Number of protein chains: 2
Amino acid sequence: MDIAQILRSEGFKVTPQRIAIYQALTGHHNHPTAELIYQSLRAEHPSMSLATVYKTMEIFEKIGLVKVLDVGDDCARYDWDTQNHSHIRCTVCNKVEDLMGIDSKAISKIVEEGSEYRVTGQQITFEGICPDCLRKQSH
Amino acid sequence: MDIAQILRSEGFKVTPQRIAIYQALTGHHNHPTAELIYQSLRAEHPSMSLATVYKTMEIFEKIGLVKVLDVGDDCARYDWDTQNHSHIRCTVCNKVEDLMGIDSKAISKIVEEGSEYRVTGQQITFEGICPDCLRKQSH
DNA sequence: TTGTGTGCAAACACTTTGCAATTAG
DNA sequence: CTAATTGCAAAGTGTTTGCACACAA
């Protein structure tokens with residue numbers, strides 16, 4: 001099922017902007033910010049506006065196409081992999097990567113069983129210095 | 001070692017504002033926001049300003065007296081328990097509680113061993129609905 | 001045709017900053 | 001005395017909103 005079909009089936013209109021934003025999102029492996037997506041689309045879509053990126057992301061989140069990440073650098077990042085998983089952000093170059101080492105689903109199960117909350121979401125984020133930046137620092 | 005001594009030993013001046021803010025912080029069990037601390041001090045310290053709360057928290061963070069939390073509600077919260085531990089925020093009443101069920105230190109160890117990052121920080125935050133709000137909803 | 005979507009600019013919320021006046025040491 | 005700190009107001013940042021115009025269905 002492609003993006004146009006998903007939008008239609010959820011009662012939203014299919015627009016060039018929405019398609020472009022979706023493609024930009026799935027094309028990036030960097031958990032892009034709204035600004036980054038906006039910038040990467042300006043060349044092809046000169047009239048694109050940042051507000052449209054935000055509004056579109058809100059829809060995408062609502063219909064489960066993206067997860068909004070809060071990795072502690074004061075701006076939302078968008079992840080098209082909506083499975084629970086953890087992230088790590090390099091405090092030097094600011095890139096965000098997936099962390100596969102830990103089983104987020106198991107952790108959230110522990111939380112749910114250990115507390116009386118109904119757990120609805122999780123954000124597991126680490127920060128550190130990535131191998132590349134570590135190497136540069138040692139020179 | 002009390003707050004006055006700590007400040008002095010770190011080369012900062014001891015002011016009534018800093019003492020009051022520290023007391024407000026340690027008095028709250030709610031991971032207060034800057035605004036909340038500011039409001040709770042206005043009565044006793046009419047001239048207190050929000051900017052001073054922010055500036056003071058920056059110092060407290062620098063000298064390891066508080067950890068700044070990012071629990072996904074668009075404002076910083078301050079925690080005087082600087083040991084790594086997880087939090088859960090109720091999306092209905094917006095309160096933030098400590099989560100003792102999971103061993104954050106162990107998780108961060110796993111991350112450090114499983115990746116090539118030098119891990120320097122972590123934010124493990126869940127969101128859900130607290131027992132109180134669950135009860136109210138069912139009526 | 002009609003109501004949703006877009007793009008601009010203004011509004012927003014939280015936080016930071018510049019600076020004159022104040023105060024701790 | 002003097003350098004650090006305060007408090008105000010203004011600026012800054014990322015995000016949201018109102019609204020006229022454009023466009024998908």
Side-chain angles (χ1 to χ4, degrees), chain A residues 2-22 24 31-39 41-63 65-66 68-78 89 94 96, chain B residues 2-22 24 31-39 41-63 65-66 68-78 89 94 96:
Chain A
D2 75 322
I3 177 64
Q5 288 175 308
I6 296 173
L7 284 169
R8 255 190 294 269
S9 77
E10 297 280 347
F12 294 104
K13 291 190 174 173
V14 177
T15 68
Q17 288 89 337
R18 287 175 181 169
I19 292 174
I21 291 170
Y22 185 76
H31 311 84
T33 62
E35 180 68 31
L36 204 148
I37 288 180
Y38 169 59
Q39 292 301 341
L41 290 175
R42 293 192 68 179
E44 290 262 352
H45 301 257
S47 81
M48 174 70 66
S49 85
L50 192 50
T52 298
V53 175
Y54 280 111
K55 286 170 184 166
T56 301
M57 286 305 181
E58 200 180 336
I59 291 176
F60 284 178
E61 187 191 12
K62 204 167 293 173
I63 64 183
L65 285 178
V66 302
V68 182
L69 304 184
D70 182 8
V71 296
D73 66 341
D74 298 319
C75 57
R77 288 166 178 272
Y78 303 95
R89 176 173 60 90
N94 219 36
V96 175
Chain B
D2 74 323
I3 177 64
Q5 288 176 305
I6 296 172
L7 283 170
R8 255 189 294 267
S9 76
E10 297 279 348
F12 294 104
K13 290 191 173 175
V14 178
T15 68
Q17 289 89 337
R18 287 174 180 170
I19 292 173
I21 290 169
Y22 185 75
H31 310 84
T33 61
E35 180 68 33
L36 203 149
I37 289 181
Y38 168 60
Q39 292 300 341
L41 290 174
R42 293 193 66 178
E44 290 263 352
H45 301 258
S47 81
M48 175 68 67
S49 85
L50 192 50
T52 297
V53 176
Y54 280 111
K55 287 169 184 166
T56 301
M57 286 306 180
E58 201 181 334
I59 291 176
F60 285 179
E61 188 191 12
K62 204 167 294 173
I63 64 184
L65 285 177
V66 302
V68 182
L69 306 182
D70 181 9
V71 296
D73 67 342
D74 297 319
C75 57
R77 287 166 178 273
Y78 302 96
R89 176 174 61 90
N94 219 35
V96 175

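Quick note: numbers below take in every heavy atom, side chains included, and nothing from hydrogens, waters or symmetry partners. Letters A, B, ... mirror the listed sequences (proteins, then strands); counts begin at 1. Everything quoted here is computed from the prediction, not taken from an experiment.
Atom pair Leu7(B):CG and dA24(C):P shows a separation of 13 Å (rounding to whole Å applied). The interatomic distance linking Ile21(B) (CD1) with dT5(D) (C1') rounds to 11 Å, in whole Å. As rounded to whole Å, 11 Å separates atom P of dT16(C) from atom NZ of Lys62(B). Spacing between atom NZ of Lys55(B) and atom P of dA9(D) amounts to 13 Å, rounded to whole angstrom units. Atom CD of Glu58(A) and atom C1' of dT17(D) are 11 Å apart (whole Å). Residue Ile59(A) contributes atom CD1, which lies 13 Å from atom P of dT17(D) at whole-angstrom precision. Protein atom CZ of Arg8(A) is 12 Å distant from nucleotide atom P of dA24(D), rounded to whole Å. At whole-Å resolution of the value, CZ in Arg42(A) and P in dG7(C) are 11 Å apart.
Side chain of Arg18(A), nearest nucleotide from dG7(D), dG5(C), dG25(C): dG5(C). Side-chain atoms of Val14(B) lie closest to dG25(C) of the nucleotides dG7(D), dT5(D), dG25(C). Comparing dT5(D), dT6(C), dG7(D) against the side chain of Ser47(B) picks out dG7(D) as the nearest. Each of dG25(C), dG3(C), dT6(C) was ranked by its minimum atom distance to the side chain of Thr56(A); first place goes to dT6(C).
Atoms CD1 and CD1, from Ile3(B) and Ile21(B) in turn, are 10.0 Å apart once rounded to the nearest 0.5 Å. One finds the CG atom of Asp73(B) at 4.5 Å from the CZ atom of Arg89(B) (value rounded to the nearest 0.5 Å).
When atom types are taken as modelled, the side chain of Arg18(A) and the backbone of Lys13(A) share a donor-acceptor pair closer than 3.5 angstrom. Panel note: side chain Arg77(B), backbone Leu69(B); no donor-acceptor pair is recorded below 3.5 Å. With hydrogens and angles disregarded, no donor-acceptor distance shorter than 3.5 Å links the side chain of Glu44(A) to the backbone of Leu41(A). Proximity of a side-chain donor or acceptor of Glu61(A) to a complementary backbone N or O of Glu58(A) within less than 3.5 Å is not detected.
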For residues 47-55 of chain A, which side-chain donor-acceptor pairs fall under 3.5 Å, sequence neighbours excluded?
from, atom 1, to, atom 2, distance (Å)
Ser49(A), OG, Ala51(A), N, 3.4
Ser49(A), OG, Thr52(A), N, 3.2
Ser49(A), OG, Thr52(A), OG1, 3.1

Check nucleotides 13-15 of chain D for protein N or O atoms closer than 3.5 Å to its own N or O atoms and list the pairs.
from, atom 1, to, atom 2, distance (Å)
dT15(D), OP1, Ala76(A), N, 2.5
dT15(D), OP2, Tyr54(A), OH, 2.2
dT15(D), O5', Tyr54(A), OH, 3.1

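Side-chain N/O atoms of Thr52(B) include one lying less than 4.0 angstrom from OP1 or OP2 on dG7(D). For dT23(C), neither phosphate oxygen OP1 nor OP2 lies less than 4.0 angstrom from any side-chain nitrogen or oxygen of Gln17(B).
Of the two residues contacting DNA chain C, namely Ala51(A) and Thr15(B), the nearest-nucleotide position lying further toward the 5' end is that of Ala51(A).
Shown here is Asp74(A), whose CG atom has no more than 12 heavy atoms of other residues, nucleotides or ligands within 6.0 Å.
Taking the C1' atoms of five terminal pairs at each end of the helix from dT1(C)-dA25(D) to dG25(C)-dC1(D), the two resulting helix axes are inclined by 30°, rounded to 10°.
With contacts defined as side-chain heavy-atom distances shorter than 4.5 Å, the pair Ile37(A)/Tyr22(A) does not qualify.
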Requested in this report: For the pair Gln5(B) and Asp2(B), evaluate side-chain contact (heavy atoms from CB on, under 4.5 Å) and give the outcome as yes or no after the intermediate values.
Outcome: CA-CA 5 Å; Gln5(B) 288 176 305; Asp2(B) 74 323; 3.0 Å; yes
